[in-house]
Amino acid sequence: MTDTAQTLPEPEAVGKLYDQLTLSAMKDGSFNTNVHIGYWDTPDSEATIEEAMDRLTDVFIERMKVDETSHVLDLGCGVGGPGLRVVTHTGARVTGISISEEQIRTANRLAAEAGVADRAVFEHGDAMKLSFADASFDAVMALESLCHMPDRQQVLSEVARVLVPGGRLVLTDVFERHPRKEVRHVGIDKFCRDLMSTTADIDDYVALLHRSGLRLRGILDVTEQTTLRLADELAKLAAVEERPAAMNEGNFDFADDSFRPSDLAGVDDFGCLLAIAERP
Ligand SMILES: C[S@@+](CC[C@H](N)C(=O)[O-])C[C@H]1O[C@@H](n2cnc3c(N)ncnc32)[C@H](O)[C@@H]1O
């Protein structure tokens, strides 16, 4: 299934969803500076979910190849956890953008509290039309954000435009693994519907990057290290049977059968890919 056959997310609605999820997580005590999956290097890794979340950012850091002279764009920056880790671990300057105003407010507060507001700046913006000049970043990171954007091609073309020659893009995205089932697993349907996402086609990804003006450096199926393991870890926690509190509040009319992380436990066709590309 391609982007066009799926319901395309609307950036404004995605922003409101993340506003609500952020406020509600702060209220119910589940707030986390990382809004992403974890990365477990090996099947026998005993890393906690928290450690695995930080490890995913470290996987990005290793592949972006940045240092204190670099300026990094965090595309879909959440509440700033990954961007702040890049600043403190590499010394690079980070600019993050998110379509959620509430996330941006929170990320800038966390940067100030960490004493790095001079090196980490978060701005409200839409990745579909970046406000930055051509060739203004040494690297771009996109942790689990492209799935919410209505046109991956447009976003990746914007990324190519704002990268310096030789600058790297590292991203994770969700996709449906082969063999494709005739009927998509209900857990994937619920994920896409309630978290306003689409799944990519890994077969198309290389062409997508090339058409955007980027040169592929590597593409990996990291499902076992990420989504599959996270769903299993979450399914072990009794709390996952509860719908995320955010879904019970605000103006969203979630159906009774709304998405729960345990819906994806053991669903090995819900894939996660890691792609590395550079602007020639
Ligand atoms: C799953 S969260 C990941 C957040 C962050 N990358 C992290 O790892 O903690 C998805 C992020 O993508 C952002 N996003 C979705 N669509 C966007 C768009 N069109 N423009 C900018 N940000 C967007 C959301 O606001 C949210 O911050």
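Just so it is clear, the values below take in all heavy atoms, side chains as well, and ignore hydrogens, waters and symmetry mates. Counting starts at 1 for both ligands and their atoms, in listed order.
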### Message
Hydrophobic clusters here meaning ILVMFWY residues chained together by side-chain heavy-atom distances under 4.5 Å, can you tell me if Y39 and L228 are in one?
### Response
no
### Query
Can you check whether M149 has an N/O within less than 3.5 Å of an N/O in ligand 1?
no
### Query
Between L143 and ligand 1, which part of the residue brings a heavy atom under 4.0 Å of the ligand: side chain, backbone, both or neither?
both
### Charged N-O contact under 4.0 Å between D173 and R152
yes
### Message
When you group the ILVMFWY residues by side-chain heavy-atom contacts below 4.5 Å and let the links chain together, are I49 and V35 in the same group?
### Response
yes
### M53 and I37, any side-chain heavy atoms less than 4.5 Å apart
no
### Task
Using only heavy-atom distances, determine whether the side chains of T33 and R85 contain a donor-acceptor pair under 3.5 Å.
no
### Query
Looking at W40 and A47, what are the two nearest heavy atoms and their distance?
NE1-O, 2.9 Å
### For ligand 1, the portion of P82 having any non-hydrogen atom under 4.0 Å away
side chain
### Query
So which of Q103, E10, H36 gets nearest to atom 26 (C) of ligand 1, if we judge by its closest heavy atom?
Q103
#### Entry: Sub-3.5 Å N/O-N/O distance, P11 and ligand 1
no
### Residue, atom name and distance, where the atom is the protein heavy atom closest to atom 6 (N) of ligand 1
G76 O, 2.7 Å
## Note on the structure
Of all protein heavy atoms, the one nearest atom 20 (N) of ligand 1 is A127 N, 2.9 Å
### Summary
Per-atom filter on ligand 1: closer than 4.0 angstrom to a heavy atom of H148 are 10 (C), 15 (C), 16 (N)
### Nearest protein heavy atom with distance in Å, relative to atom 9 (O) of ligand 1
V35 N, 2.7 Å
### Query
Does F137 belong to the same Ile/Leu/Val/Met/Phe/Trp/Tyr cluster as L171, with side-chain heavy atoms less than 4.5 Å apart forming each link?
yes
### Query
In the protein, what heavy atom is nearest to atom 25 (O) of ligand 1, and what distance, to one decimal place, separates them?
S98 OG, 2.9 Å
### Query
More than 12 foreign heavy atoms under 6.0 Å from CD of E12: is that the case here?
no
### Query
Should G125 be listed as contacting ligand 1, given a heavy-atom distance under 4.0 Å as the test?
yes
### Message
To check your reading of the model: name the closest protein heavy atom to atom 19 (N) of ligand 1, its residue, and the distance in Å.
### Response
D126 OD1, 2.9 Å
### R105 and E101 ion-paired at < 4.0 Å
no
### Query
How far is atom 23 (C) of ligand 1 from its nearest protein heavy atom, and which residue and atom name does that atom have?
I99 CG2, 3.6 Å
## Note on the structure
among protein heavy atoms, the one nearest atom 12 (O) of ligand 1 is S145 CB, 3.3 Å
### Query
Atoms of ligand 1 less than 4.0 Å from V14 heavy atoms?
15 (C), 16 (N)
### Query
Does the N or O separation between Y18 and ligand 1 drop below 3.5 Å for any pair?
no
### Task
Please state which part of P9 comes within less than 4.0 Å of ligand 1, counting heavy atoms only: side chain, backbone, both or neither.
neither
### Message
Check this for me - ligand 1, N34, N or O atoms closer than 3.5 angstrom, yes or no?
### Response
no
### Task
Run the salt-bridge test on R177 and D269 with the 4.0 Å N-O cut-off and return the result as yes or no.
no
### Message
Tell me whether E62 is salt-bridged to R55, with the criterion being a basic N under 4.0 Å from an acidic carboxylate O.
### Response
yes
### Message
Testing the basics here: between I99 and H124, what is the closest heavy-atom pair and its distance to 0.1 Å?
### Response
O-NE2, 3.0 Å
### Message
I'd like to check which ligand 1 atoms, numbered from 1 as shown, lie under 4.0 Å from a non-hydrogen atom of E144.
### Response
1 (C), 10 (C)
## Note on the structure
Numbered in order shown, the ligand 1 atoms found under 4.0 Å of a heavy atom of G78 are 4 (C), 5 (C), 27 (O)
